[in-house]
Amino acid sequence: MKLKICFFLALIALAHCEEKAADKKSDEKKQEKRGLDHGLGYGSFGDFNGHESHHEHHEHIKTVEVVKKVPVPVEHVKHVPYEVIKHVPVEVKVPVPQPYTVEKHVPYPVKVFVKVPVHVPQPYTVEKKIPYEVKVLVPQPYTVEKHVPYEVKVPVPQPYTVEKHVPYPVKVKVPVPQPYTVEKHVPYEVKVPVDKPYPVPVPKPYPVTVEKPYPVIHEKHVPYEVKVPVDKPYPVPVEKPYPVPVKVPVPKPYNVYKHVPVPVEKPYPVHVKVPVDKPYYVEKQVPYPVEKPVPYPVKVPYPVPVHVHKEHHYEEHEL
């Protein structure tokens, strides 16, 4: 790219020089035809004004501006269409069985046993139960009843009837007297008799003695100079300096640690293009009504077996 730009500038400069050379040649030819260079005629235009003529040509340098376009990253916001699921409320009718049972909580009294201290006479009798062996007369030999299960065939009519409970609405008439009375609460003003204002004894103000302010003496501290007697200067003995041996360390080679910079790889963010399906679907869970069964009592006949205990008489054997 740079070589192309340099080559282009060189071509422009050569073309400009050729144009100047052609202009210069045409001017010289015109002046030779008119005889200006040989002093013929009325003289030069410079002598007319009393000045020397100077044939100086000032070259006008043309500047060419080359505009170079540099690609700059520009952020573009791209709108990606996507599907938006909007929740629309829908009325859902839930079937309620008719008639339906209503459970009502009725409070009832519950007896709670409270321990109360009872007076026990002293001393009191303590009955202790002592187990003892009781001999029961058993006939010899005695019968042992053993329950042996066996199959019992029950005749079932064919075809047999199956009872299916089909709920159906039952209309119950509630006796309402016609016409029935309606009690309406109407607010009204109630006048309460209040006694007239009665005199209340209020204690009269009495004089109170207030102590008058009295003068208080405050001591004020005034600084003043105090002269302290000091003795005249007296001679003080000072010890003379004496030589002290000082150990001078001998220089030895020592390790010098130089900090060497080590390049450390620093992570930098890189733009990664992730392919996105257009348009992409967003799954959203939509709540839906769930039918919940309402329990209601159903009376079903259930056979209860009744066992009859056979009593054995042992009176004859005991006698």
Side-chain angles (χ1 to χ4, degrees), residues 85-185 281-319:
I85 300 173
K86 189 175 180 183
H87 177 68
V88 180
V90 181
E91 184 182 1
V92 179
K93 290 182 180 180
V94 180
V96 180
Q98 296 293 339
Y100 60 91
T101 58
V102 179
E103 294 182 355
K104 185 177 179 183
H105 295 280
V106 181
Y108 61 93
V110 180
K111 289 182 180 181
V112 181
F113 296 98
V114 181
K115 292 182 179 181
V116 179
V118 180
H119 177 68
V120 180
Q122 298 293 339
Y124 58 91
T125 59
V126 178
E127 293 182 354
K128 187 176 181 182
K129 294 180 182 182
I130 301 170
Y132 59 93
E133 186 180 359
V134 178
K135 290 182 178 181
V136 180
L137 292 173
V138 179
Q140 293 295 334
Y142 62 92
T143 59
V144 178
E145 291 182 356
K146 186 178 180 182
H147 296 281
V148 179
Y150 61 96
E151 187 180 0
V152 179
K153 291 183 178 181
V154 181
V156 179
Q158 294 293 336
Y160 61 92
T161 60
V162 180
E163 292 183 355
K164 186 177 179 182
H165 296 280
V166 180
Y168 61 94
V170 179
K171 293 182 180 180
V172 180
K173 289 185 179 181
V174 181
V176 179
Q178 295 292 340
Y180 60 92
T181 59
V182 179
E183 293 181 354
K184 186 177 180 183
H185 297 280
Y281 299 97
V282 180
E283 293 184 358
K284 184 178 178 183
Q285 295 182 357
V286 181
Y288 61 93
V290 179
E291 293 184 359
K292 187 177 179 183
V294 181
Y296 59 92
V298 179
K299 291 181 180 181
V300 179
Y302 181 74
V304 178
V306 177
H307 298 282
V308 179
H309 297 280
K310 293 181 181 182
E311 298 180 357
H312 298 281
H313 300 281
Y314 299 101
E315 296 178 359
E316 296 177 1
H317 296 284
E318 290 177 358
L319 292 172

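Position 1 is the first residue of the sequence; numbering continues from there.
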* Asked: Should we count CD of E103 as having more than 12 external heavy atoms under 6.0 Å?
  -> no
* Around E127, counting heavy atoms of other residues, nucleotides and ligands shown, do more than 12 lie under 6.0 Å from its CD? -> no
* To do: Over all heavy atoms of both residues, which pair between K284 and I85 is shortest? Give the atoms and the distance, please.
  => NZ-O, 3.8 Å
* Atom CD of E291: over 12 foreign heavy atoms under 6.0 Å -> no
* To do: Verify the neighbour count for atom CD of Q285: are there more than 12 heavy atoms of other residues, nucleotides or ligands below 6.0 Å?
  => no
* Asked: Does the side chain of L137 reach to within under 4.5 Å of the side chain of K135, using non-hydrogen atoms?
  -> no
* To do: Considering non-hydrogen atoms only, spot the tightest contact between T101 and P295 and give its length.
  => OG1-O, 3.6 Å
* Could you pull out all residues at least two apart from V102 that satisfy side-chain contact (heavy atoms from CB on, under 4.5 Å)? => Y100
